[in-house]
Amino acid sequence: MDQSTHPPIQTVGVIGAGTMGRGIAHVLLGHGYSVLLTDTSPGALAAATRSITAGLARDVEKGRLTAEAKEKAFESLQPSSDLAGMVSADFIIEAAPENVDLKADIFRRLEPLARPEVIFASNTSSISITRLASATSRAGRFCGLHFFNPVPVMKLVEVVAGMETLPETLAKASSLASSLGKTPIQVNDFPGFVSNRVLMPMINEAVYAVMEGVADVQSVDAVMKLGMNHPMGPLELADLIGLDVCLDILKALYEGFHDPKYRASPLLEKMVHAGRLGRKSGRGFYNYCPTTQTE
Ligand code: CAA
């Protein structure tokens, strides 16, 4: 089927109701799309629904959405723990945890469910798009669509071309991102794409600086905020992203390029082993538990 004859995208499937999936769903709903949100965990779906509801209410308070549009958006969200509903999706964005086997398995199960012309996009931050696409029989209609945290705030979407991705797939994915008020930037499929290839070495170097006693956590962050005008210091940002996610991305860069310059700081590894994952676990470089606040 000629892609130019396809009906416009109305219903988007979002797989994974974690931080990124719920942020993507929130932005889609706020821009008039219907969303099929799936996750195997009913708890994650319930938490995502609460967070999306609160986010849309905030959009009304801030004058970004009318009360009527908010009501329509609420009605356009269909949470489900079953992938079968994806049969009615016009475009599918996977935002499951960063595990190649898990993601490939999701795409393998999606393949017979989704209509053949539907584009599959992965929000992966570090896994090869070409590799994920090979789990499907639609590598031409497969791309990366990499959003940034917090999704409702960050303007960028990296649109990643795998080795077999067709130009019309990139055009359609970019146009979806633009319709959400985002700026799509097309990049090729290399480890870390552009964003994490540049960001993660900076975060890693900040961790090395703390490990080697060059300065403490607050001072390293203050240098980058006050000296470089970054909205957050690299360690504060690592806590927002998740230290486990940062470590996984550094490992993907290290393994992808076989270059020691991407070697993760032993302190980062130690913190992940200790369960200090950043905001989501209550403790990372900073402490987010008010009752045990020591930093
Ligand atoms: N979810 C949704 N909205 C959020 C939010 C969150 N987690 N955190 C903040 N916001 C919103 C606030 O509600 C507020 O919006 P409105 O008032 O307009 O409703 C707006 O962001 C500004 O928030 P604040 O005034 O509280 O705080 P701030 O001005 O300090 O901004 C920030 C907070 C936007 C997070 C800013 O510090 C920032 O831009 N930090 C850098 C974030 C960044 O670099 N993200 C990319 C991470 S890398 C990644 O995601 C990809 C990857 O692969 C690892």
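Residue numbers run from 1 in the order of the sequence given. Just follow the structure's listing: the first ligand is 1, and inside any ligand the first atom is 1.
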Participant: For the OH atom on Tyr208, are there more than 12 heavy atoms of other groups (residues, nucleotides or ligands in this structure) within a distance under 6.0 Å?
Facilitator: yes
Participant: Say whether Asp189 and Ser128, considering side chains only, have a donor N or O and an acceptor N or O under 3.5 Å apart.
Facilitator: yes
Participant: Looking at Glu168 and Arg141, is any side-chain nitrogen of the basic one under 4.0 Å from a carboxylate oxygen of the acidic one?
Facilitator: no
Participant: Side chain, backbone, both or neither: which part of Arg64 comes within less than 4.0 Å of ligand 1 when only heavy atoms are counted?
Facilitator: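 Under 4.0 Å from ligand 1, Arg64 contributes side-chain atoms alone.
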Participant: Which atoms from ligand 1 have a heavy atom of Ser125 less than 4.0 Å away?
Facilitator: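 Selected atoms, number and element: 53 (O).
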Participant: Is atom 4 (C) of ligand 1 less than 4.0 angstrom from at least one protein heavy atom?
Facilitator: yes
Participant: I'd like to know if Lys72 and Glu75 make a salt bridge, using a cut-off of under 4.0 Å between side-chain N and carboxylate O.
Facilitator: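 So Lys72 does not pair with Glu75 through a salt bridge.
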Participant: Should one rank Asp59, Asn149, Asn123, Thr124 by closest heavy-atom distance to atom 46 (C) of ligand 1, which comes out on top?
Facilitator: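 Result: the heavy atom closest to atom 46 (C) of ligand 1 is in Asn149.
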Participant: Taking atom types as modelled, find out whether Arg276 and Tyr286 have a side-chain donor-acceptor pair closer than 3.5 angstrom.
Facilitator: no
Participant: Does only the side chain of Leu237 get under 4.0 Å from ligand 1, or the backbone, or both, or neither? Count heavy atoms.
Facilitator: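 It is the side chain that touches ligand 1; the backbone stays farther off.
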Participant: Between the side chains of Ser179 and Tyr33, does any donor sit under 3.5 Å from an acceptor?
Facilitator: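 There is such a pair (donor and acceptor under 3.5 Å, judged by atom type) between the side chains of Ser179 and Tyr33.
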Participant: Would the number of heavy atoms belonging to other residues, nucleotides or ligands and lying under 6.0 Å from CE of Met163 be above 12?
Facilitator: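 Not more than 12 within 6.0 Å, no.
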Participant: Answer yes or no for atom 44 (O) of ligand 1: protein heavy atom present at a distance under 4.0 Å?
Facilitator: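 Yes, there is one.
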Participant: Out of Glu98, Met200, Lys155, Met232, whose heavy atom sits nearest atom 40 (N) of ligand 1?
Facilitator: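 It is Met232 whose heavy atom sits nearest to atom 40 (N) of ligand 1.
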Participant: Could you tell me whether a side-chain N or O of Asn196 sits under 3.5 Å from a main-chain N or O of Leu199, the two making a donor and an acceptor?
Facilitator: no
Participant: Any side-chain donor paired with an acceptor under 3.5 Å for Ser34 and Gln78?
Facilitator: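 No - no donor-acceptor pair under 3.5 Å links their side chains.
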Participant: So which protein heavy atom does atom 9 (C) of ligand 1 come closest to, and at what separation?
Facilitator: Pro150 CG, 4.3 Å
Participant: List the closest protein heavy-atom neighbour of atom 11 (C) of ligand 1: residue, atom name, distance to the nearest 0.1 Å.
Facilitator: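 The closest heavy atom on the protein side is Val153 CG2, 3.4 Å.
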Participant: Can you check whether a protein heavy atom sits less than 4.0 angstrom from atom 30 (O) of ligand 1?
Facilitator: no
Participant: Please list the nearest protein heavy atom to atom 36 (C) of ligand 1 with its residue and the distance rounded to 0.1 Å.
Facilitator: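 The answer is Pro231 CB, 4.1 Å.
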Participant: What atoms of ligand 1 come within less than 4.0 Å of a heavy atom belonging to Leu199?
Facilitator: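 Answer, ordered by atom number: 48 (S).
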Participant: Heavy atoms only, cut-off 4.0 Å: how does His230 contact ligand 1, side chain, backbone, both, or neither?
Facilitator: neither
Participant: Is it the case that atom CD in Glu71 sees more than 12 heavy atoms from other parts of the structure closer than 6.0 Å?
Facilitator: yes
Participant: Can you see whether Thr124 engages Glu98 through a side-chain donor-acceptor pair at a distance of less than 3.5 angstrom?
Facilitator: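 There is such a pair (donor and acceptor under 3.5 Å, judged by atom type) between the side chains of Thr124 and Glu98.
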Participant: Tell me: protein heavy atom nearest atom 16 (P) of ligand 1, and distance?
Facilitator: Arg58 NH2, 3.5 Å
Participant: Is Lys225 salt-bridged to Asp221, cutoff N-O under 4.0 Å?
Facilitator: no
Participant: For ligand 1, which atoms sit closer than 4.0 Å to a heavy atom of Asn196?
Facilitator: 52 (C), 53 (O), 54 (C)
Participant: Should Glu117 and Arg138 count as an ion pair when the cut-off is N to O under 4.0 Å?
Facilitator: no
Participant: Under 4.0 angstrom from ligand 1, any heavy atom of Val245?
Facilitator: no
Participant: Looking at Lys280 and Asp239, is there a salt bridge between them, counting it only when a charged N and a carboxylate O are closer than 4.0 Å?
Facilitator: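 Judged by the 4.0 Å cut-off on N to carboxylate O distance, Asp239 and Lys280 do not form a salt bridge.
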Participant: Would a 4.0 Å cut-off, counted as strictly less than, catch a protein heavy atom around atom 23 (O) of ligand 1?
Facilitator: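 No.
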Participant: Which bit of Val151 is near ligand 1, meaning a heavy atom under 4.0 Å away: side chain, backbone, both or neither?
Facilitator: neither
Participant: I'd like to check atom 27 (O) of ligand 1 in this structure: does the protein have a heavy atom lying under 4.0 Å from it?
Facilitator: no
Participant: What protein heavy atom is closest to atom 51 (C) of ligand 1, reported as residue, atom name and distance in Å?
Facilitator: Phe148 CD2, 3.3 Å
Participant: Would you confirm whether any non-hydrogen atom of the protein falls under 4.0 Å from atom 19 (O) of ligand 1?
Facilitator: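 Yes, there is a protein heavy atom closer to it than 4.0 Å.
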Participant: Yes or no, since that's all I need: does a protein heavy atom fall within a distance strictly under 4.0 Å of atom 7 (N) of ligand 1?
Facilitator: yes
Participant: Please indicate, with yes or no, if any protein heavy atom is found under 4.0 Å from atom 49 (C) of ligand 1?
Facilitator: yes
Participant: What residue and heavy atom of the protein are closest to atom 54 (C) of ligand 1, and at what distance?
Facilitator: Ile241 CG2, 3.6 Å
